[in-house]
Amino acid sequence: MIQLTKVNTSDKEHGMILFELLKKRKYFISHKKTPSLKEHLHFFENNPYRIWYILYLENDLVGAAYCTYQNLIGINLIKDKSEIYKDSLIKIISDVSPLPPKPSVRSGNFCINVSPQNKKLQMALKELNAIEIQKTYFIN
């Protein structure tokens, strides 16, 4: 069973755990290279997320997840396993409610951005009957 540990930005151990997870990340959406420890700790201490979790499966570290103020969920796992993605998302959605809708800011539902290479997360979302609503592109 997935356990959610709320990130405490005053706990340096949490910062280091998240940095180690970041270094192991396979799929990137928001940046192209891993930030330095100094950059990461600055980001960590200025937590921009509504809720941020470290994910454990039977006391083993498996990843991290967050919910933003725009009702976006971000999730990153050490091992690509559809079942862990699925169980983690079920747990997060059962513990956290989306914020009410705000026109041009957020919908009243959770959304998740997925790297096109992350087939396991895509599979988990399909199993959860999530609906694909858009594709996003960078313009150079």
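Atom set for the values below is all heavy atoms of this structure, side chains included, hydrogens, waters and symmetry mates excluded.
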When you compare the side chain of [Y] with that of [X], does any pair of heavy atoms fall below 4.5 Å?
X	Y	result
N71	R50	yes
I92	F110	no
I54	H14	yes
L37	M16	yes
I112	I75	yes
Y53	K6	yes
Y49	V7	no
L72	Y66	no

Q. With a 6.0 Å cut-off on ring centres, are F19 and F43 close enough?
A.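 No; F43 has its ring centre 6.0 Å or more from that of F19.
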Same cluster or not: are [X] and [Y] linked, directly or through other Ile, Leu, Val, Met, Phe, Trp or Tyr residues, by side-chain heavy atoms under 4.5 angstrom apart?
X	Y	answer
F44	Y69	no
I73	I51	yes
I93	I84	yes

How long is the straight-line distance from [atom2] of [Y] back to [atom1] of [X], given to the nearest 0.5 Å?
X	Y	atom1	atom2	answer
E83	K86	CD	NZ	5.0 Å
E20	I78	CD	CD1	9.5 Å
L77	L61	CG	CG	10.0 Å
I139	Y137	CD1	OH	11.0 Å
K120	K79	NZ	NZ	13.0 Å

Smallest separation among heavy atoms of [X] and [Y], with atom names:
X	Y	result
L21	A64	CD1-CB, 3.9 Å
R106	Q70	CB-O, 3.4 Å
S88	I2	OG-CD1, 3.6 Å

Q | Test side-chain contact (heavy atoms from CB on, under 4.5 Å) applied to D80 and Q117, K26, K119, the passing residue | A | K26
**Q.** Matching residue for Q3 among N59, L57, V62, L55 - test: side-chain contact (heavy atoms from CB on, under 4.5 Å)
**A.**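 Exactly one pass, corresponding to N59.
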Q: Apply side-chain contact (heavy atoms from CB on, under 4.5 Å) to K12 and E45, showing your working.
A: CA-CA 9 Å; K12 296 295 182 199; E45 291 164 359; 2.5 Å; yes
Please tabulate, for side-chain N and O atoms in residues 121-130, each donor-acceptor pair with protein atoms closer than 3.5 Å (sequence neighbours left out).
from: Q122; atom 1: NE2; to: S115; atom 2: O; distance (Å): 3.2
from: Q122; atom 1: NE2; to: P116; atom 2: O; distance (Å): 3.1
from: Q122; atom 1: NE2; to: N118; atom 2: O; distance (Å): 3.4

Q: Indicate whether the side chain of Q134 and that of T136 have a donor and an acceptor atom separated by less than 3.5 Å.
A: yes
